[in-house]
Amino acid sequence: MNGLPLDDAAMKPLPAPRPDARFLRTLRGLPVDATPVWFMRQAGRALPEYRRIREHATLLEITRDAALCAEVTLQPVRRLGVDAAILFADITTPLAGIGVAFDIVEGRGPVIERPIRTMADVEALHVFDAVTSVAPLLEAISIIRSESPVPLIGFAGAPFTLACYLVEGGPSRDFLHTKRLMHAEPETWRLLLDRLVAMTIAYLGAQVAAGVEAIQIFDSWVGGLSPLDYERRLWAHMRTLFDGIATLGVPSIHFGVGTSGILAQQASAGGDAIGLDWRIALSEGRALVGDRAVQGNLDPTLLLGPWDATEEAARWVLAQNNHRPGHVFNLGHGVLPTTDPDHLARLVDLVHAHGPSSEAAR
Ligand code: CP3
């Protein structure tokens, strides 16, 4: 760790809030001068300046070095002109703080040393303490907060998506162990989810105290659940999570992939804005989530093709929203590693040039 000891960083007064930023206004459903845009996984392998850093530092090393983490977080803000920064970390980052040993394996993803499958495994998890487990990350937030011209998004994985890694022991396509646990051992499942919700509220509370100005919950794998299982096995936990987040005083985005069949349930669990993937027309997604802002929803694959195809699809997404307040432009999932960063920068300009949102369009 370098720079300020955490206590000093935590004591440093935060820069003034900026509620007028178009990204934050949009999350509150207010009209703005231009549609705000940022990209999930904007800090990462699509940027050559990031790849240069990765030549001598792993993901885990970056998240344990406040200055490096701040640098990587700010790279896409400088290069692309996006309206928000997202803290550079992984959804597995807080797991060490509850006693889970894991590694990030190149080309594969997070691998858990001892999968969590029994009541005894769940009971052995520790209570999360942000200061002892993610101090450099909190310090990075304070650096970014004072250097970034745009709001900083903090984030966490949703309990189901985290459970998929913990129970499977690594990346999975069909989450067989996780679903089996959910149905065959409902009490173990409930306790595991309770623990993950408590960890996540504490982790996000520490991020907000350190200076993040909005929060995104990534439920990347929740599209694997039926609406019935979402209702019976997950909804109440998500509601507890969002009730906890609501007390933190910053707006939240609730994102998932493959969620067209459960959007209304997700929205009723919570979130100021609901993330949409590309499998649903944005106007249809908006109708399903009620009086909420939405975020999305260009297919990230389009950025690999010719600019004309990107432009046509981006204009369609914008037309679907038709200048209503409450649309944050984003991809439907993360930036793919082979994306040309010039396409991303051009897309930011296109979205900004599209014009303002207004109450009249509502
Ligand atoms: O490009 C890189 O080298 C980035 C470094 C890296 C991240 N995660 C950054 C990250 C690496 C090597 C990982 C490991 C990892 N973690 C993988 C392997 C494949 C991959 O994408 O590199 C996976 C699948 C995970 C699990 C994970 N992390 C999920 C499901 C999510 C939620 C977002 C999503 O893609 O569905 C994350 C979040 C994440 N990983 C972020 C970053 C910087 C934060 C979110 C963001 O930037 O938008």
Side-chain angles (χ1 to χ4, degrees), residues 37-65 68-77 80 82-96 100 102-112 134 137 140-141 144 152-166 168-173 175 178 200 203-204 207 212 214-224 253-259 275-278 295-297 300-301 328 330-339 341 344:
V37 49
W38 69 279
F39 304 116
M40 292 181 275
R41 305 294 293 270
Q42 64 191 11
R45 288 162 299 181
L47 303 187
E49 58 272 38
Y50 171 79
R51 286 200 297 266
R52 279 196 292 278
I53 287 177
R54 275 301 295 273
E55 280 165 21
H56 55 82
T58 65
L59 167 74
L60 291 175
E61 285 163 353
I62 296 171
T63 57
R64 288 171 191 154
D65 180 329
L68 202 53
C69 180
E71 167 59 23
V72 167
T73 301
L74 290 168
Q75 284 177 342
V77 175
L80 306 174
V82 284
D83 293 285
I86 182 159
L87 180 65
F88 186 86
D90 191 61
I91 59 167
T92 49
T93 300
L95 294 177
V100 174
F102 67 93
D103 196 10
I104 306 273
V105 178
E106 203 62 48
R108 181 152 182 242
V111 174
I112 310 296
V134 289
L137 208 61
I141 291 171
I144 301 159
L152 173 63
I153 306 168
F155 77 91
F160 176 78
T161 292
L162 290 174
C164 287
Y165 287 102
L166 290 172
E168 302 299 326
S172 159
R173 247 168 230 260
F175 319 116
T178 312
T200 305
Y203 179 46
L204 292 171
Q207 292 185 34
V212 305
I215 284 168
Q216 176 153 322
I217 297 296
F218 283 92
D219 212 349
S220 304
W221 310 139
V222 75
I253 303 163
H254 185 173
F255 167 78
V257 182
T259 48
L276 305 174
D277 80 1
W278 64 93
Q295 176 175 278
N297 70 341
T301 319
V328 175
N330 205 313
L331 308 180
H333 202 178
V335 172
L336 296 163
T338 52
T339 302
L344 289 170

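Since the model is a prediction, treat every value here as computed from it, not as a measurement. Counting starts at 1 for both ligands and their atoms, following the listed order. When a residue number appears, it is its place in the shown sequence, counting from 1.
Those atoms of ligand 1 with a heavy atom of Pro110 less than 4.0 angstrom away are 15 (C), 16 (N), 17 (C), 23 (C), 25 (C), 26 (C). Atoms of ligand 1 lying under 4.0 Å from at least one heavy atom of Met40, given by number and element, are 48 (O). Close approach of ligand 1 to Arg54 (heavy-atom distance below 4.0 Å) involves ligand atoms 2 (C), 3 (O), 5 (C). Near Ser220, the atoms of ligand 1 lying under 4.0 angstrom from a non-hydrogen atom of the residue are 30 (C), 32 (C), 33 (C), 34 (C), 36 (O). With ligand atoms numbered from 1 in the order given, ligand 1 contributes 46 (C), 47 (O), 48 (O) to contacts under 4.0 Å with heavy atoms of Ile86.
The aromatic rings of Phe255 and Phe218 lie perpendicular to each other, with more than 60° between the two planes, well past the 30° mark. Classified by interplanar angle (parallel below 30°, tilted 30° to 60°, perpendicular above 60°), the ring pair Trp221/His333 is perpendicular. Between Phe160 and Phe175, the ring-plane angle classifies as perpendicular under the 30° and 60° cut-offs.
Summarising the geometry of Leu162 relative to Gly157, their closest heavy-atom pair is CD1-O, 3.6 Å, with the distance given to 0.1 Å. In terms of heavy atoms, Gln42 sits closest to Ile86 at NE2-N, 3.7 Å. Listed here is the closest heavy atom pair of Gly258 and Asp277: N-OD2, 2.7 Å. Among all heavy-atom pairs drawn from Gln216 and Met40, the shortest one is NE2-SD, 3.5 Å. Between Gly332 and Pro300, the shortest heavy-atom contact is N-CD, 4.2 Å.
Regarding atom 1 (O) of ligand 1, its nearest protein heavy-atom neighbour is Arg45 NE, 2.6 Å. Nearest to atom 29 (C) of ligand 1 among the protein's heavy atoms is Ile91 CD1, 3.6 Å. Regarding atom 8 (N) of ligand 1, its nearest protein heavy-atom neighbour is Asp90 OD1, 2.9 Å. Summary of contacts: the protein heavy atom closest to atom 5 (C) of ligand 1 is Tyr50 OH, 3.3 Å. At the shortest separation from atom 18 (C) of ligand 1 among protein heavy atoms lies Gly109 CA, 3.4 Å.
By the criterion of a heavy-atom distance under 4.0 Å, the side chain of His333, and not its backbone, is placed next to ligand 1.
No side-chain heavy atom of Thr301 sits less than 4.5 Å from a side-chain heavy atom of Trp278. Put simply, the side chain of Leu152 reaches to within 4.5 Å of the side chain of Thr73, judged on heavy atoms. At least one side-chain heavy atom of Leu60 sits under 4.5 Å from a side-chain heavy atom of Phe102. In this structure, the side chains of Leu204 and Ile217 come closer than 4.5 Å at one or more pairs of heavy atoms.
Checking only distances, Arg41 does come within under 3.5 Å of ligand 1, N or O to N or O. Taking only nitrogen or oxygen atoms, main chain and side chain alike, Gln42 does not reach within less than 3.5 Å of ligand 1. Distances between N or O atoms of Thr161 and those of ligand 1 include no value under 3.5 Å.
In this comparison of Leu47, Leu59, Val105, Thr92, the heavy atom closest to atom 13 (C) of ligand 1 sits on Leu59. Relative to atom 24 (C) of ligand 1, the option among Phe88, Phe39, Tyr165, Phe155 with the closest non-hydrogen atom is Tyr165. When the options Gly44, Ala89, Cys69 are ranked by their closest heavy atom to atom 10 (C) of ligand 1, first place goes to Ala89. One option in Leu331, Ile104, Leu60 has a heavy atom closer to atom 14 (C) of ligand 1 than any other, and that option is Ile104. Checking Trp38, Phe218, Phe255, Trp221 against atom 45 (C) of ligand 1, the nearest heavy atom belongs to Phe218.
For atom 26 (C) of ligand 1, a protein heavy-atom neighbour is present inside the 4.0 Å cut-off.
Between Pro110 and the options Leu59, Leu166, Ile104, Val100, a side chain to side chain contact (heavy atoms under 4.5 Å, CB included) holds for only Ile104.
The shortest heavy-atom distance from Gly334 to ligand 1 is not under 4.0 Å.
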